[in-house]
Amino acid sequence: MSTVDTLRFTTAGSVDDGKSTLIGRLLYDTKSILEDQLLSIENTTARRGGKGVDLSLLTDGLTAEREQGITIDVAYRYFATLKRRFIIADTPGHEQYTRNMVTGASTADLSLILVDASKGLQTQSRRHAIIASLLGIAHVVVVVNKIDLVNYSQEVFDRIRRDFIAFARTLNFARVDFIPASALEGDMVVDRGERLNWYQGPTLLELLEATRAAESAAGDFRFPVQLVARSKFGAKSEFRGYMGRIESGRVSVGDRIAVLPSGLEATVLDIVTLDGSLKTASAPQSVTLLLDTQIDVSRGDLFAHVEDLPTVTNQITANLSWMSSQPLDASFAKPGRYLIKHTTQTVRVVLEGIDFRLDVNSLERETGVASFKLNDIGRVRLKTLRPLMVDAYVGKFGANRATGSFILIDDVTNQTVAAGMILGEVGND
Amino acid sequence: MNAVLKQQDQYASFGTRISDVPVNNHLGWLESEAIHIMREVVAEAKNPALLFSGGKDSIVMLILAEKAFRPDRFPFPLLHIDTEHNFPEVIAFRDERAAALGEKLIVRSVQDSINTGRVVLRREDESRNVHQTVTLLDSIREFEFDALFGGARRDEEKARAKERILSHRDEFGQWDPKNQRPELWDLYNARLHKGEHFRAFPISNWTELDVWQYIAREKLAVPSIYYAHERLVVDRRGLLAPITELTPPRAGETPVLRTVRFRTVGDITCTCPVLSDAATVEEILLETAVTRVTERGATRMDDQTSDASMELRKKAGYF
Ligand SMILES: Nc1nc2c(ncn2[C@@H]2O[C@H](COP(=O)(O)OP(=O)(O)O)[C@@H](O)[C@H]2O)c(=O)[nH]1
């Protein structure tokens, strides 16, 4: 997750809603496009029989994609204004839509959802919102694009806004903003333009600049151990350092911590960095912790304050997004095929049951499902062969992305086949 | 007009101050993310190595490795694929840094690959950039490396923009952009079949400006040719080609003396300096903040040959 001065957002829209044009407009009008890129785009525009700069070409992808005329993968784009910097996860539509959206949303603070004003709120926009909500994105911005095609009509904008609010009531957003815009003409993206005077709110860029990014320093202290350092360069003396990144909360020298899953307790003796020892450190810092007692600690263990422990369990309920073209193997119920990677541990996992498949267009729950195929999302119960230290993915401080998320890996193909958001311990969710 | 844009326009004008460069508190986040990635890869790979060329991105990679693994030794050697068409200042810097760190540096040379017939040149003076792939893949086989840390960034090029932080290579070292593993949160899937390997890119999320801001913040030394100096060059299709022993002027060309610096320091035969008076890190930072041309566009002849040259090279196993 990002710090306050970097905002990570994802963009979602159906094909032809103007997503590429909108991103191009943002980059172009913030002067993030350099001359040689512009020149190359002008050339391509001309070659394809166009004039000037076709903004949608700014986000043009790989040869393979151009040949097929589709975008096949998430692309990451970077730009900065004087106020802050931005990372866009640009997620394409088409077949692998859900998979790409889930991937892009997994690291985003905010989601931009594009709606084509001339078409109104479509099923796909609902799906984008549902996925953003499942991935714990608290803030959604609905860009009502192509407002020029409906004569910059406030009525059309208000109707889409009403429709969206009525539907999004059931979702977990802390905030939803609506902006009328024309990515093509440039209205209300970076510049206000002169044709949307009935709209008093901020431009898209102003809104993005003002949005608070999630603060991972809030929340309980969570420190998954990545590596144990056993020696000191050139020194013979005993050294045990626990390397990891503080995923949430803060820790200070003298704090009482528990090493999980064993539950053994110790006191933090030192917080070591290359730049010297620290008294206190907070998320998202990477540090090396020293403890006052010799206890057995290895990769996969997790440190937490003794008074704020996560749940230690080997039975979890989770929302699962299936990402592989090979459907979920029914023999999943027998140990062997799949591994779960959660924080810094990878263990075998057994499917206890599928509660339902979620229709991501309507939120309806379909029960009696035996398997998941590519782009399916649903709720499952899993049993792991070693305990995990978990928090609910969507928690009181926003998303506990580090301790609430996991991936499933196919032990046969080594592919990442699913992404999961933990709801809680079985029976306790 | 929007206030932000007005201020941004002033970038291009005289009197830009260092405080006008976009916020840099994000460096702490980028640094921590890179350390986390390095530690994950070291925990999961059997035999990693870190590509170190002496260029600015790999200099940043070295300090990040120190931050990730000191007070212990690096849990990997440094590896340089040397075209022997490098700027001498960069090679001297490379050796000095490795010695100062007390870490092991492995050098494998494209010239050796040429001598043994693994690489066949069409022309004696052609760019050796693309041929590094052969030497690189041979070195990976020689040492059985299963993970290579590289300093590539997603902002460099559009094929890079789609690449994973942990990027899978098949047994032939090939990248298959259409079939990448989804990469979610900070959960990296580092599992491999025999003979395959990973390229790991801890500074994927950094931009050129971030790299210079970090070099300034950490007070890192870089090879002298990154700073303004006088050099003989000729103008070729808008690029300033350096005149060296390896790259003499062509018939009809008159070299001129210019004050220039390098933005990247690759193979001499295809890396060009830019006109610049920037003699300190601060001046480079200002220049980078106002520059109107991408790093590769300003400096790399090999990327101008086609829209997709990087993509093609990457598919074949390039860095
Ligand atoms: N009239 C109008 N057309 C737009 C607007 N934004 C995009 N378009 C056009 O809609 C088409 C699809 O846009 P594109 O950005 O490629 O859509 P994507 O598939 O969502 O990336 C193109 O012909 C654009 O020029 C807009 O605001 N107004």
Side-chain angles (χ1 to χ4, degrees), chain A residues 2-3 5-6 29-31 34-37 40 60-64 72-78 80-85 87 99 102-103 106-107 190-191 203 205 209 226-227 229 231-233 239 243-245 273-274 284-286 299 323 341 344 401-402 405-407 409 414-416 419, chain B residues 1-2 4-5 7-9 11 20 22-23 25-26 28-29 31-33 35-36 39-40 42-44 63 66-73 102 154-155 158-159 161-162 177-178 180-189 191-193 204-205 207 209 291-294 297-298 307-308 311-312:
Chain A
S2 39
T3 50
D5 48 22
T6 303
D29 282 0
T30 54
K31 307 220 174 345
L34 303 179
E35 277 162 14
D36 54 324
Q37 288 171 306
S40 138
D60 214 14
L62 306 167
T63 333
I72 48 183
D73 214 327
V74 186
Y76 295 89
R77 316 200 180 277
Y78 303 80
T81 65
L82 283 182
K83 297 224 172 86
R84 73 163 13 150
R85 64 199 295 283
I87 302 179
R99 162 180 151 156
V102 169
T103 302
S106 74
T107 48
V190 172
D191 299 324
T203 62
L205 182 65
E209 285 185 328
Q226 292 187 275
L227 285 167
S231 63
K232 210 167 173 163
F233 208 174
F239 181 84
M243 303 174 165
R245 182 171 61 178
T273 74
L274 186 70
Q285 277 178 290
S286 286
R299 173 171 167 84
M323 304 196 143
K341 182 165 186 187
T344 53
R401 282 179 159 150
S405 65
F406 62 84
I407 55 171
I409 298 169
N414 284 340
Q415 283 296 327
T416 301
Chain B
M1 206 207 310
N2 183 298
V4 172
L5 267 186
Q7 283 167 306
Q8 276 208 335
D9 286 342
Y11 269 173
D20 292 338
V23 285
N25 314 7
H26 65 271
W29 169 66
E31 175 190 81
S32 181
E33 182 189 49
I35 294 171
H36 178 257
R39 288 171 170 175
E40 280 304 285
V42 162
E44 303 224 342
I63 180 83
E66 284 189 82
K67 296 208 179 205
F69 301 110
R70 294 290 186 243
D72 212 343
R73 273 177 193 282
R154 284 174 177 156
D155 81 322
K158 60 177 177 258
K162 300 226 159 174
K178 283 200 275 188
Q180 301 191 80
R181 296 177 183 175
E183 195 161 74
L184 297 109
W185 298 289
D186 299 317
L187 294 170
Y188 306 106
N189 174 355
R191 294 179 58 90
L192 292 174
H193 291 296
S204 286
N205 282 324
T207 61
L209 186 59
T291 185
R292 301 306 314 149
V293 183
T294 62
D307 225 18
E311 182 184 344
L312 295 176

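The analysis underlying the following values was restricted to heavy atoms, covering all of them including side chains, and did not include hydrogens, waters or symmetry mates. Chain identifiers are assigned alphabetically (A, B, ...) following the order of the sequence lines, protein sequences preceding nucleic acid strands; residue numbering begins at 1 within each chain. The structure displayed is predicted, hence computed values, not measured ones.
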Practice problem: Would you name the heavy atoms of B:Trp185 and A:Phe406 that are closest together and state the gap between them? | Solution: CZ3-O, 3.5 Å
Self-check item: Side chain, backbone, both or neither of A:Thr273 within contact of chain B (heavy atoms, under 4.5 Å)
Solution: neither
Quiz item: So what's closer than 4.5 Å to chain B heavy atoms on A:Leu227: side chain, backbone, both or neither?
Solution: side chain
Exercise. Could you walk me through whether A:Asn414 and B:Arg181 pass side-chain contact (heavy atoms from CB on, under 4.5 Å), step by step?
Key: CA-CA 9 Å; A:Asn414 284 340; B:Arg181 296 177 183 175; 3.4 Å; yes
Quiz item: Side chain, backbone, both or neither: which part of B:Glu183 has a non-hydrogen atom closer than 4.5 Å to chain A?
Solution: backbone
Quiz item: Which atoms form the tightest heavy-atom contact between A:Lys341 and B:Tyr188, and what is the distance?
Solution: NZ-O, 2.8 Å
Quiz prompt | Residue A:Tyr76 versus chain B: region with a heavy atom under 4.5 Å | solution = both
Quiz item: Counting distance only, does the side-chain N/O of A:Gln226 pair as donor-acceptor with the main-chain N or O of B:His36 below 3.5 Å?
Solution: yes
Exercise. Please examine the side chains of A:Thr344 and B:Arg39, heavy atoms only from C-beta on, and report whether any two atoms are closer than 4.5 Å.
Key: no
Self-check item: Any residue meeting salt bridge (charged side-chain N to carboxylate O under 4.0 Å, His left out) with A:Arg299, in chain and number order, not counting sequence neighbours
Solution: B:Glu40, B:Glu44
Quiz item: Do A:Met323 and B:Leu184 touch side chain to side chain, with heavy atoms closer than 4.5 Å?
Solution: yes
Self-check item: Point-to-point distance, once rounded to the nearest 0.5 Å, from CD of A:Gln285 to CD of B:Glu31
Solution: 8.5 Å
Self-check item: Taking every non-hydrogen atom, the tightest pair across B:His26 and A:Thr6
Solution: CB-OG1, 3.1 Å
Quiz item: Shortest non-hydrogen contact from B:Arg191 to A:Ile409?
Solution: CD-CG2, 3.6 Å
Practice problem: Can you see which heavy atom on A:Leu274 is nearest to which on B:Lys67, and at what distance? | Solution: CD2-CG, 3.7 Å
Quiz item: Looking only at heavy atoms, what is the nearest atom pair of A:Pro284 and B:Trp29, with distance?
Solution: CG-CD1, 3.9 Å
Quiz item: To the nearest 0.5 Å, how far apart are OH in A:Tyr78 and OG1 in B:Thr207?
Solution: 9.0 Å
Quiz item: Donor-acceptor pair, B:Ser32 side chain versus A:Ser286 backbone, under 3.5 Å?
Solution: yes
Quiz item: If you tally heavy-atom pairs under 4.5 Å against chain A, which of B:Ala68, B:Pro182, B:Ala43 wins?
Solution: B:Pro182
Practice problem: Give, for atom CD1 of A:Ile407 and atom CG of B:Leu187, the distance between the pair rounded to the nearest 0.5 Å. | Solution: 5.5 Å
Quiz item: Between A:Arg85 and B:Leu209, is a side-chain contact (heavy atoms from CB on, under 4.5 Å) present by the stated rule, with each step listed?
Solution: CA-CA 11 Å; A:Arg85 64 199 295 283; B:Leu209 186 59; over 6 Å; no
